[in-house]
Undergrad: 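The structure that follows is given in the form of structure tokens.
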2 protein chains.
Amino acid sequence: MTSRELKNDVYDAIAGITKAFSNPNRLEILDLLSNGEKSVEEVAAQTAISFANASQHLQVLKSARLVRLRKEGNKVIYTLANPKVLAAWQAMKQLAEAVEPGIGLTLRQYRRARQTDQSISLSALDQTRYLLLDVRPAGEYDYGHLPGALSIPVDELELRLTELPKGKTIVAYCRGAYCTMADAAVLLLRAKGYNAVRLAESPVDSASAA
Amino acid sequence: MTSRELKNDVYDAIAGITKAFSNPNRLEILDLLSNGEKSVEEVAAQTAISFANASQHLQVLKSARLVRLRKEGNKVIYTLANPKVLAAWQAMKQLAEAVEPGIGLTLRQYRRARQTDQSISLSALDQTRYLLLDVRPAGEYDYGHLPGALSIPVDELELRLTELPKGKTIVAYCRGAYCTMADAAVLLLRAKGYNAVRLAESPVDSASAA
DNA sequence: CAACTATTCAATAAAACAATTGAATATGCA
DNA sequence: TGCATATTCAATTGTTTTATTGAATAGTTG
């Protein structure tokens with residue numbers, strides 16, 4: 001094997017992996033799976049991707065070995081295959097936000113319009129004054145959550161308000177900066193008379209050790 | 001803007017960046033630029049990419065804002081735009097090597113065939129017994145090199161053997177694991193009667209702080 | 001200003017990718 | 001066994017990406 005053949009082989013192989021990251025739908029799927037394993041149906045339901053197309057994208061991720069699958073009954077459950085997938089995906093997000101300021105602008109604009117742009121950092125959280133609330137689906141909370149967080153999925157929030165202490169500010173978090181469940185939760189809570197803000201971080205941020 | 005519109009905008013924008021990583025030629029260009037700025041001509045010469053095609057790929061990288069350009073005379077010099085580019089690219093390489101064992105196998109096979117698979121780590125380097133040799137082009141050495149390294153580009157090595165101390169083992173390094181200049185140097189040095197091995201690391205490894 | 005060098009641009013053709021549709025398969029349950 | 005559910009497969013179409021070629025442009029040098 002010549003030096004050129006070596007390089008071609010190696011860069012082709014790496015591009016085989018990076019190509020799996022080159023589609024916006026697959027990136028959204030990676031963000032979903034970062035929060036917990038999901039069936040094809042769940043992936044399709046939580047994104048704007050059709051069922052068959054979601055299956056195709058998951059297969060692309062699978063042949064790049066970024067995800068693994070497990071059969072459970074007649075369902076197929078997909079999981080991230082390796083913590084390095086998360087690490088690489090986060091590095092890409094950080095790079096993208098650094099070189100493309102439009103991303104941050106879009107996010108801020110969305111939140112300013114809803115007055116959910118205020119957020120509080122985990123390090124500033126004082127348990128006596130704040131309640132940390134995980135508004136993701138229960139399965140994602142079970143898969144991994146921030147210490148001390150209470151789980152009430154945003155869909156159930158209105159019916160379960162009694163579980164919240166009246167005196168504290170509610171600090172809601174969800175799947176991360178591109179997820180709007182915490183925004184929805186904050187808006188609902190404020191409409192019901194609570195003080196509520198978003199959390200600056202998300203559980204995925206802390207799960208990225210290689 | 002709806003939640004779905006927000007997500008579409010954000011993931012589309014990120015995919016705009018990740019797409020720039022999805023071509024093997026561009027990955028090789030990123031590895032080249034990680035070692036120092038280069039003109040289009042240099043990029044084309046050091047890869048198997050035609051001149052016009054190299055220019056096109058550099059423009060793709062530029063519109064993704066991964067590289068910057070500077071005009072110097074009638075040359076156009078390209079540089080990595082941001083240290084996060086390096087960080088993301090390294091995360092991708094690490095991921096690819098983790099999920100695709102064929103990459104490591106190919107590299108080991110190439111080096112075993114040449115008996116250059118032996119390498120020594122920077123931390124094990126003792127100055128009294130080893131000489132650290134940077135065999136990359138001089139411009140790349142100037143751009144950044146490991147402390148204490150001597151610069152002799154592999155092309156000039158045969159003519160400059162007198163600069164090497166006879167008693168020490170020569171530890172050669174180049175652009176990284178996918179670069180074969182250090183292998184070539186080790187082979188040449190051994191043929192000339194020196195003890196020589198590759199260094200396990202490369203300068204790029206240490207330059208990846210965000 | 002003419003010749004030269006370095007680069008970009010534009011047009012093309014082949015290949016790869018993406019989303020849709022409907023059929024096929026596999027598993028579970030009545 | 002038959003029906004329902006969950007998923008994959010296969011075929012199709014439109015779009016995007018890629019490498020090649022040759023022309024056009026910009027800066028340099030004599």
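So that the names make sense, note that chain A is the first sequence line, chain B the second, and so on, each numbered from 1.
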Undergrad: Can a side chain N or O of B/Tyr78 be found less than 4.0 Å away from OP1 or OP2 on C/dA6?
TA: no

Undergrad: Please determine whether a side-chain nitrogen or oxygen atom of A/Gln59 lies at a distance below 4.0 Å from atom OP1 or OP2 of D/dT7.
TA: no

Undergrad: Show, in sequence, the C-alpha distance, side-chain angles and deciding distance for B/Arg4 and A/Glu28, and conclude whether the salt bridge (Lys or Arg N to Asp or Glu O under 4.0 Å) test is met.
TA: CA-CA 11 Å; B/Arg4 174 45 45 196; A/Glu28 188 170 357; 2.9 Å; yes

Undergrad: So how far off straight is the helix from C/dC1-D/dG30 to C/dA30-D/dT1, going by the axes through five pairs at either end, to 10°?
TA: 20°

Undergrad: Output all residues satisfying side-chain contact (heavy atoms from CB on, under 4.5 Å) with A/Ser3, sequence neighbours left out; order by chain, then residue number.
TA: A/Lys7, B/Tyr110, B/Thr180

Undergrad: Rounded to whole angstroms, how far apart are CD on A/Glu41 and P on C/dA26?
TA: 20 Å

Undergrad: Could you pull out all residues at least two apart from A/Tyr11 that satisfy ring pair (Phe, Tyr, Trp, His ring centres under 6.0 Å)?
TA: B/Tyr178

Undergrad: Under the criterion salt bridge (Lys or Arg N to Asp or Glu O under 4.0 Å), I'd like the reasoning laid out for A/Arg198 against A/Asp117: C-alpha separation, chi angles, the key distance, then a yes or no.
TA: CA-CA 8 Å; A/Arg198 283 186 313 105; A/Asp117 45 340; over 6 Å; no

Undergrad: Considering only nitrogen or oxygen atoms on both sides, find all protein atoms under 3.5 Å from nucleotides 18-23 of chain D and state each distance.
TA:
unit_1: D/dT18; atom_1: OP1; unit_2: B/Asn23; atom_2: ND2; d: 3.2
unit_1: D/dT18; atom_1: OP1; unit_2: B/Arg26; atom_2: NH2; d: 3.4
unit_1: D/dT18; atom_1: OP2; unit_2: B/Arg26; atom_2: NH1; d: 3.2
unit_1: D/dT18; atom_1: OP2; unit_2: B/Arg26; atom_2: NH2; d: 3.3
unit_1: D/dA19; atom_1: OP1; unit_2: B/Asn25; atom_2: ND2; d: 2.7
unit_1: D/dA19; atom_1: OP2; unit_2: B/Asn53; atom_2: OD1; d: 3.3
unit_1: D/dA19; atom_1: OP2; unit_2: B/His57; atom_2: NE2; d: 2.5
unit_1: D/dT20; atom_1: O4; unit_2: B/Gln56; atom_2: NE2; d: 3.1

Undergrad: More than 12 heavy atoms of other residues, nucleotides or ligands under 6.0 Å from CD of A/Gln115: is that the case?
TA: no

Undergrad: Grab the CD1-P distance between A/Ile77 and D/dT7 for me, whole Å please.
TA: 7 Å

Undergrad: Kindly indicate, with the supporting measurements, whether the criterion salt bridge (Lys or Arg N to Asp or Glu O under 4.0 Å) is fulfilled by A/Lys84 and B/Glu97.
TA: CA-CA 10 Å; A/Lys84 284 187 162 62; B/Glu97 294 196 30; over 6 Å; no

Undergrad: Does the pair A/Glu72 and A/Lys75 meet the rule for a salt bridge (Lys or Arg N to Asp or Glu O under 4.0 Å), with working shown?
TA: CA-CA 5 Å; A/Glu72 197 167 90; A/Lys75 297 195 178 183; over 6 Å; no

Undergrad: Calculate the interatomic distance between B/Arg70 atom CZ and C/dT7 atom P; express it in whole Å.
TA: 12 Å

Undergrad: Distances under 3.5 Å only, N/O to N/O: pair up the protein atoms with those of nucleotides 24-30 of chain D.
TA:
unit_1: D/dG27; atom_1: O3'; unit_2: B/Gly73; atom_2: O; d: 3.4

Undergrad: CZ of A/Arg68: more than 12 outside heavy atoms within 6.0 angstrom?
TA: no

Undergrad: Roughly, in whole Å, what's the span from CD in A/Glu42 to C1' in D/dT5?
TA: 14 Å

Undergrad: Mind calculating the distance between CD1 (A/Ile29) and P (D/dT7) to the nearest angstrom?
TA: 13 Å

Undergrad: Would you find a donor on one side and an acceptor on the other, under 3.5 Å apart, between the side chain of A/Asp31 and the backbone of A/Leu27?
TA: no

Undergrad: Report yes if a side-chain nitrogen or oxygen of B/Ser55 is closer than 4.0 Å to either non-bridging phosphate oxygen (OP1 or OP2) of C/dT7; otherwise report no.
TA: no

Undergrad: Provide, to the nearest angstrom, the distance between the NZ atom belonging to B/Lys38 and the P atom belonging to C/dA6.
TA: 16 Å

Undergrad: With sequence neighbours excluded, tell me which residues meet side-chain contact (heavy atoms from CB on, under 4.5 Å) with A/Asp9.
TA: A/Met1, B/Thr106

Undergrad: Does a donor on one side chain sit under 3.5 Å from an acceptor on the other, for A/Asp134 and A/Tyr173?
TA: yes

